[in-house]
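Comments concern the structure below.
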Amino acid sequence: MRTPSLTIARIGAFSALIAVGNNPIERSVWISSSAATFRDYAAPVFYLAIATLFSRRVSFWATLIGSAVGETMNIFLFGEAPGALP
């Protein structure tokens, strides 16, 4: 059953998941790693899973909103440039 409220709820939930996944794993609360030489991000795993399991509309909007919120968190809360910059 597909209703507009269910679609909006899925977009909101997956956007939050992607936003958290855009932070480096060593900074996350749920995994603590010792002195990593590179940064791992969990967001690409979430992108693939959401794109495979849900509709294009949910996948697109969740990725767009979640990535924007995640990178904004990286810049303003943690004081770092986006992950694409060295």
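Predicted model, so just to flag it, every value in this text is computed and none were measured. Here, residue 1 is the first one in the sequence, and each next residue gets the next number.
Minimum heavy-atom separation, Ala62 to Ser15: CA-OG, 3.4 Å. Listed here is the closest heavy atom pair of Ile18 and Gly66: CG2-C, 3.7 Å.
Residues satisfying the ring pair (Phe, Tyr, Trp, His ring centres under 6.0 Å) test with Phe60, not counting sequence neighbours, are none. In this structure, Val45 has no side chain to side chain contact (heavy atoms under 4.5 Å, CB included) partners at least two apart in sequence or on a different chain.
Atoms CG and CD1, on Leu17 and Ile50 in that order, are 5.5 Å from each other to the nearest 0.5 Å. Here the CG atom belonging to Asn22 is positioned 10.0 Å from the CZ atom belonging to Phe46, to the nearest 0.5 angstrom.
Sorted by first and then second residue, the side-chain hydrogen bond (donor to acceptor under 3.5 Å, both in side chains) pairs involving residues 49-63 (not counting sequence neighbours) form an empty list.
Cluster membership check: Leu53 does not share its hydrophobic cluster with Leu48, using side-chain heavy-atom separations under 4.5 Å among Ile, Leu, Val, Met, Phe, Trp and Tyr.
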